[in-house]
Amino acid sequence: MSEIPQQLRYSDSHEWILDHGDGTVTIGITDHAQQALGDVVFVELPEVGATLSIGEEFGVVESVKAASDLYAPLSGEVLEVNDTLEDQPEQLNDSPYGDAWLLKLKVEDTNAIGELLDATAYAELIENE
Amino acid sequence: MCSLKRTALYDLHRELGAKFVPFAGYDMPVQYPMGVKGEHLHTRAQCGLFDVSHMGQVEVRGEQAAERLETLAPANFVGLAEGHQRYAFFTTEEGGIYDDFMTVNAGDHLYLVVNAACKEQDLALLRTGLGGDVEVTLRDDRALLALQGPAAHAVMLKVLPEATQLLFMQHGRYQHEGHDIWVSRSGYTGEDGFELSLPNEYAERFARLLLEHPEVEPIGLGARDSLRLEAGLCLYGNDITQTTDPVAADLIWAIGKARRQGGEREAGFPGANVIVSRLIERDDARRRVGLIAEGRAPVREGTVLFSADHHEVGKVTSGTFGPSVGKPIMMAYVDPGEAALGTQLFAEVRGKRLPVQVSQMPFVTTHYYRG
């Protein structure tokens, strides 16, 4: 079974979103997503300063077997990216909710955060997959 | 929607926690809880057990079986000694590759192992192409397992010690607990190992006997693919197809000397005119090569390759991250002028041109058991 922390929000494309309450969020991929991917060998992330639109592809995670696109769960500007994943992509398997966060985003419309899935809704989503 | 077939080990795979994927009409284990990378590294370090029962095991019987098989494939089957195995491929009239397969001289018949996805087409080809007095039988009453890795020899010493006498590409037939086991010392990983054919009803029991040994872990199709690519072995459908000829595919070594120009049984196989002349002229328009990426991003099949001066020079046919190599590795077809070892090319991935280098294959040191 995969871990689904209560305090996070989720997208239906398996990203998690931590709301810092100041108009910024941290984004990562869920435990379920890393399990489905298998051993991660490569992560590609956008540049700091890039603007993301909701639903847009913003990067890619590759395992030995396949590539999987990352989709922006919110629109906004990239404030920070987790550079350590470039050299240690396997952290995504070890710590998807911790050390292996992907990026920090300055959110364009904070109301959109409330429209994301909560833990219960995300659990239902993966249950029905 | 046709339902997927299951191998004799399906229930065991379930019990071992496998994830399944449809492959060539079969519901096959792609990985176990250890994961693709762990399974790959375990096979190289110790020993892996693969279920390859989806492949076609075919018996070809008849006085002229070897001679007739030479009319469909450019290998030397007539000269294949009893108890030996040889790699070969069927060719098309245009000089392409119809399928690749293994052939064993089993004494009173030939025993072939063909690709799962090509089973039906190969059976049809053999039945129409070998003539009425040659009998072709699909042995779908038998399962096929592969035990691969440096510990395979030690495990077999405990389970079926007679088979450890075999050298690479030799074949033996044994009895175990009253069942016939056919063993080839070969595999698809670059490691020492055994391929074991056994009756379906005995497959699970024998697999459990092997898995009892702590060195042995079950390995899925995911790691099978990364292991074979590191070993520089072609995957039919990707690296060799009906539109790749054996010269471009760098498989000249599998064409028997007796079948080449001036040989005792020269030509006489489909596409011989094309292939024999290419063998002499080496005028193929492209060449199969190995590539290693400089960065970490895997380069997948279908990726277009460019030369340093921005010309399109080829395409990737297989690509993954090689867990033992520690870098992304590929097989590709490129213009012969770009095929020299060390040539730098660029793979276009998501709009970026990533540097890759033409590299020696196999990408890892192979450990075939030659005594």
Side-chain angles (χ1 to χ4, degrees), chain A residues 1-3 13-14 29-47 50-53 55-72 78 81-96 99-100 102-103 126-127 129, chain B residues 17-21 23 28-44 219-230 235 292-303 316 318-330 347-352 354 356:
Chain A
M1 257 333 277
S2 63
E3 193 192 335
S13 49
H14 307 289
I29 65 163
T30 65
D31 188 31
H32 174 76
Q34 72 77 18
Q35 281 181 22
L37 273 162
D39 305 295
V40 175
V41 295
F42 177 73
V43 182
E44 188 171 275
L45 296 172
E47 304 280 319
T51 309
L52 307 184
S53 308
E56 181 193 0
E57 282 174 33
F58 72 82
V60 67
V61 177
E62 299 214 32
S63 65
V64 178
K65 55 186 173 174
S68 182
D69 292 320
L70 298 164
Y71 296 96
V78 177
V81 298
N82 187 355
D83 290 330
T84 60
L85 294 177
E86 205 172 295
D87 294 323
Q88 294 164 282
E90 63 279 3
Q91 283 191 358
L92 262 177
N93 297 116
D94 302 335
S95 181
D99 293 341
L102 299 176
L103 53 82
I126 61 177
E127 186 80 6
E129 249 184 9
Chain B
K19 267 193 210 173
F20 290 83
V21 289
F23 183 83
M28 295 298 289
V30 64
Q31 66 174 84
Y32 297 87
M34 187 180 255
V36 176
K37 190 174 164 191
E39 291 169 30
H40 177 115
L41 295 173
H42 183 87
T43 304
R44 293 248 185 270
I219 311 295
L221 291 183
R224 180 168 156 85
D225 189 55
S226 55
L227 287 159
R228 71 90 195 166
L229 186 52
E230 281 188 344
L235 172 64
I292 298 184
E294 288 173 19
R296 290 195 65 117
V299 180
R300 309 288 179 179
E301 64 179 269
T303 303
V316 174
S318 284
T320 190
F321 188 90
S324 303
V325 175
K327 285 179 179 167
I329 53 169
M330 290 141 264
E348 189 165 272
V349 178
R350 294 181 291 274
K352 288 182 201 155
L354 308 176
V356 298

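The structure presented is a predicted model; accordingly, all values stated were derived computationally and were not measured. When reading the values below, keep in mind they use all heavy atoms of this one structure, side chains included, and skip hydrogens, waters and symmetry mates. Protein chains get the first letters and strands the later ones, always in sequence-line order, with residue 1 at the start of each.
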Student: With a 4.5 angstrom heavy-atom cut-off, which part of Arg300(B) approaches chain A: side chain, backbone, both or neither?
Tutor: side chain
Student: Let me know if Glu57(A) has heavy atoms under 4.5 Å from chain B in its side chain, its backbone, both or neither.
Tutor: neither
Student: For Val60(A), is it the side chain, the backbone, both, or neither that has a heavy atom closer than 4.5 Å to a heavy atom of chain B?
Tutor: side chain
Student: Starting at OH of Tyr32(B), measure out to NZ of Lys19(B) and round the result to the nearest 0.5 Å.
Tutor: 13.5 Å
Student: Is Asn93(A) close to chain B through its backbone or its side chain, or both, or neither, when contacts mean heavy atoms under 4.5 Å?
Tutor: neither
Student: Quick one: do Glu230(B) and Arg44(B) make a salt bridge, cutoff under 4.0 Å?
Tutor: yes
Student: Using heavy-atom distances under 4.5 Å, tell me whether Lys352(B) contacts chain A through its side chain, its backbone, both, or neither.
Tutor: side chain
Student: Please name the pair of heavy atoms, one in Glu86(A) and one in Pro89(A), separated by the smallest distance, quoted to 0.1 Å.
Tutor: O-CD, 4.0 Å
Student: Residues in side chain to side chain donor-acceptor pair (under 3.5 Å) with His32(A), at least two apart?
Tutor: Glu129(A)
Student: Using side-chain heavy atoms (C-beta onward) and a distance below 4.5 Å, is Pro298(B) in contact with Val41(A)?
Tutor: yes
